[in-house]
Structures are given as structure tokens and as C-alpha cells.
Amino acid sequence: MAKTWIITGASAGGIGEGIARAVLSHGDNAVITARSLSKLEGIAKDYPETCLPVTLDMSDRAQMKEVVRQTVEKFGTVDVLINNAGHGYRSSVEEGEDEAIQELFQTNLFGPVNMIKEVLLILREKGEGVIMNTTSIAAERSAVGSGYYASSKAALDLLTDGLCKELKPLGIRVMVIEPGSFRTHFYDEALKSAPLTVSAYKDSTWKNANAENKRQQPGDPMKAGELVYRMAYAEEAPFRLLLGSDAVKAVVTTAEGRLEEAKKFAADSQSTDF
């Protein structure tokens with residue numbers, strides 16, 4: 001029997017599209033969302049019977065309720081939620097703009113949380129389902145100019161960790177998707193930026209700000225979609241699903257560095273015990 005997925009942030013050219021096409025090609029139903037329906041037309045045209053495109057702004061709780069309502073109305077239920085919508089933000093911590101930062105966290109953290117709350121009303125009643133939240137390898141380690149973006153993704157990552165433990169006894173699988181660099185529109189339209197206002201950061205935070213996106217990232221969004229689809233139904237799957245060779249390398253080297261530091265200063269840390 002076909003399952004029904006809700007996939008936020010499914011605009012053409014991104015990982016969301018890759019997931020949607022994998023889901024639909026395998027015979028499942030997909031409700032796909034973006035801020036503009038024009039970014040969803042290609043997928044919907046290819047799968048007119050099993051794909052429902054819906055407008056969604058991740059700051060609008062009423063629209064989230066409407067997405068779920070339309071999903072149930074057309075397909076009868078919800079089985080899988082993919083919280084993929086989000087965007088980047090480049091800024092030094094000092095130069096970050098209050099309003100932009102609030103919008104960033106609304107889109108990358110609080111929006112997904114509200115989508116989870118809406119879908120859980122259905123999944124808890126069924127006693128089964130899957131929730132996957134897309135974060136980033138930035139959640140594992142940040143970089144200059146990426147503090148706000150990385151922290152929004154790290155917050156979602158750890159929130160999902162807690163959610164996983166809460167929902168496992170209820171029969172609901174919860175996972176994190178951590179992509180590396182993919183050939184998407186992230187570095188174009190999905191990467192917002194604060195203005196350079198403090199010259200001291202000119203050669204650090206802003207050194208490569210105007211670099212051309214040559215679209216040579218290693219990640220293939222369509223292959224990512226296939227893996228996400230497979231892992232959603234896999235008998236054994238990781239909690240954190242890394243996407244891309246660069247993601248694996250970043251997580252391993254970061255973990256090794258943390259372990260080395262913890263061991264190096266273990267005596268100092270342990271000296272605080274009674």
C-alpha cells in the first residue's frame with residue numbers, strides 16, 4: 001500500500017526535489033511544499049495523480065495546518081514528514097541583524113518544530129510513522145560567517161535527538177539528515193547575507209563572500225533522494241544520516257578532534273569533582 005509523504009522545501013534543483021522524485025518514482029504519494037508553487041511545477045506535472053503541490057511559508061502555522069488538512073483530504077493520512085525547508089545566512093556574529101536572525105531561526109528551527117506538532121496529531125494516533133529533519137554538517141562544526149546558520153541547524157539536530165527518544169516507544173521513527181555540499185541552489189538564492197559593516201572581518205568572514213558558485217560540489221540531489229527514501233523504510237538505519245563523502249569526512253574528523261581534546265584535558269576536567 002502506498003505511503004504518503006509531506007516534504008517541505010521541495011523546490012526544483014534541491015535535495016527536496018530529489019526526495020520527492022524518489023518517493024513518487026517508487027509509487028508513494030507526495031505533498032510537496034515551497035513558498036512559490038512555480039518552483040514545484042515540474043514535479044507535479046510529472047506525477048499529476050500522486051503529487052500535490054502546496055504553498056507553505058515556514059513562519060505561518062495556519063498554512064501548516066492547511067498542508068496537513070489537504071494531505072489527509074487527498075490521500076487519507078500522513079506517514080512520513082520530511083522537514084527539508086531552510087536557508088543559509090552569512091554573517092559574523094557581531095554583524096548579525098536581529099530581524100534576519102529571528103527569521104532564520106523561525107525557518108530553520110521553529111517552523112520544523114511546528115510542522116512536527118501538526119503531523120504528530122496523526123502519527124501518534126496511528127502508532128507509526130517517520131519524521132526526518134534536514135540539518136547540515138554545519139551542525140557538527142561551524143565556520144567563519146556561519147555561526148548563526150550552524151547554530152540554527154545544531155539546535156534542530158539536538159531537538160531531533162530528544163524527539164527520537166520520546167517517540168521511539170510510540171512506534172515513530174525519527175532521524176536527522178545531515179547533507180554536505182550538494183549541487184543545489186543553496187549558494188545562490190538560498191544563502192542570505194548580512195552587509196559588511198565591520199571592516200575587521202573583511203579578510204575573514206567576507207573573504208570569499210563574492211566567490212562564483214561553479215557548481216562543482218560533490219553531492220548529487222537525486223542520489224540523496226534515493227538514499228533518504230531507502231532509509232525511511234530500512235530495517236536498520238542511522239539516527240544521523242550523512243549525505244556525501246564530505247559529510248562523512250567532516251563528522252569523523254570533528255569527532256576525532258573532540259575526543260582528542262577531551263582526553264588531553266581529562267585530568268583538568270575531572271579535578272572539579274568532589
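Along the sequence shown, the residues carry numbers beginning at 1. Everything numeric in this text was worked out from a predicted model, so none of it was measured.
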Taking distance alone, no hydrogens or angles, what donor-acceptor pairs closer than 3.5 Å link side-chain atoms of residues 264-274 to residues at least two apart or in another chain?
residue: S269; atom: OG; partner: F265; partner atom: O; Å: 3.1
residue: S271; atom: OG; partner: D268; partner atom: O; Å: 2.5
residue: T272; atom: OG1; partner: S269; partner atom: O; Å: 2.8

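- Side-chain contact between V72 and I122 is present, with at least one heavy-atom pair separated by less than 4.5 Å.
- Not counting sequence neighbours, E260 has no partner by the salt bridge (charged side-chain N to carboxylate O under 4.0 Å, His left out) test.
- Formation of a donor-acceptor pair under 3.5 Å by the S91 side chain with backbone atoms of G96 is found in this model.
- Considering all non-hydrogen atoms of both residues, V144 and S204 come closest at CG2-O, 4.0 Å.
- A232 and R173 get closest at one heavy-atom pair: O-NH1, 3.4 Å.
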Handout entry: Intermediate values then yes/no, side chain to side chain contact (heavy atoms under 4.5 Å, CB included), R240 and D161
Key = CA-CA 9 Å; R240 287 184 176 86; D161 192 4; 4.2 Å; yes
Handout entry: Pair T71-V67, side chain to side chain contact (heavy atoms under 4.5 Å, CB included): steps then yes or no
Key = CA-CA 6 Å; T71 301; V67 168; 4.2 Å; yes
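- Residues satisfying the salt bridge (charged side-chain N to carboxylate O under 4.0 Å, His left out) criterion with D28, sequence neighbours excluded, are absent altogether.
- Look at K153 and D157 and you find no salt bridge, because none of the NZ, NE, NH1 or NH2 atoms lies under 4.0 Å from a carboxylate O.
- In this structure the side chain of V130 never reaches within 4.5 angstrom of the side chain of I172, judged on heavy atoms.
- The closest side-chain heavy-atom distance from T33 to T55 is not below 4.5 Å.
- By the criterion of side-chain heavy atoms lying less than 4.5 angstrom apart, applied directly or through intervening Ile, Leu, Val, Met, Phe, Trp or Tyr residues, L81 is not grouped with I32; the two fall into different hydrophobic clusters.
- Its side chain within the 4.5 Å cluster rule, F239 clusters with V176 among the Ile, Leu, Val, Met, Phe, Trp and Tyr residues.
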Handout entry: Verdict with supporting geometry, V80 and T4, side chain to side chain contact (heavy atoms under 4.5 Å, CB included)
Key = CA-CA 6 Å; V80 183; T4 297; over 6 Å; no
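- Scored by the side-chain hydrogen bond (donor to acceptor under 3.5 Å, both in side chains) test, T50 finds no partners at all (sequence neighbours excluded).
- Under a 4.0 Å N-O distance rule, the pair E73/R69 qualifies as a salt bridge.
- Among residues two or more places apart in sequence or in another chain, the side-chain hydrogen bond (donor to acceptor under 3.5 Å, both in side chains) test is passed with S151 by none.
- No continuous path of hydrophobic side-chain contacts links F110 to L163 [ILVMFWY only; heavy atoms under 4.5 Å].
- You'll find the side chain of M175 stays beyond 4.5 Å of the side chain of I177, heavy atoms only.
- For the pair L120 and L167, the minimum side-chain heavy-atom distance is below 4.5 Å.
- Evaluation of the ring pair (Phe, Tyr, Trp, His ring centres under 6.0 Å) rule for Y229 yields W5, H26, Y233 as partners, not counting sequence neighbours.
- Side-chain contact check for V228 versus M132: some heavy-atom pair is nearer than 4.5 Å.
- Every salt bridge (charged side-chain N to carboxylate O under 4.0 Å, His left out) that R61 has, sequence neighbours left out, goes to E118.
- Closest of all the heavy-atom pairs between C51 and I43 is SG-CG2, 4.2 Å.
- Of the possible polar contacts, one joining the Y148 side chain to the V93 backbone as a donor-acceptor pair under 3.5 Å is found.
- Within the structure, salt bridge (charged side-chain N to carboxylate O under 4.0 Å, His left out) contacts touching residues 91-103 (residues at least two apart or in different chains) are R35-E103, E103-K192.
- The shortest heavy-atom contact between L123 and G129 is CD2-CA, 4.1 Å.
- Under the salt bridge (charged side-chain N to carboxylate O under 4.0 Å, His left out) criterion, D46 pairs with R21, sequence neighbours left out.
- Contact annotation: the side chain of L191 approaches that of R90 to within less than 4.5 Å [non-hydrogen atoms, C-beta and beyond].
- By the side-chain hydrogen bond (donor to acceptor under 3.5 Å, both in side chains) test, D79 pairs with K126, sequence neighbours left out.
- Of all heavy-atom pairs between S11 and L40, the closest is N-CD2, 4.0 Å.
- Of the candidates T160, N108, N84, N133 forms a side-chain hydrogen bond (donor to acceptor under 3.5 Å, both in side chains) with just one, namely T160.
- Counting only heavy atoms from C-beta outward, the side chains of L243 and L227 approach each other to under 4.5 Å.
- Looking only at distances, no side-chain donor or acceptor of T107 sits under 3.5 Å from a matching main-chain atom of L104.
- For the pair E226 and S25, the tightest heavy-atom approach, listed with the atom from each and the gap, is OE2-OG, 3.9 Å.
- In this view, E256 satisfies the side-chain hydrogen bond (donor to acceptor under 3.5 Å, both in side chains) rule with no residue, not counting sequence neighbours.
- Between the side chains of Q70 and E66, at least one donor-acceptor pair of N or O atoms lies under 3.5 Å.
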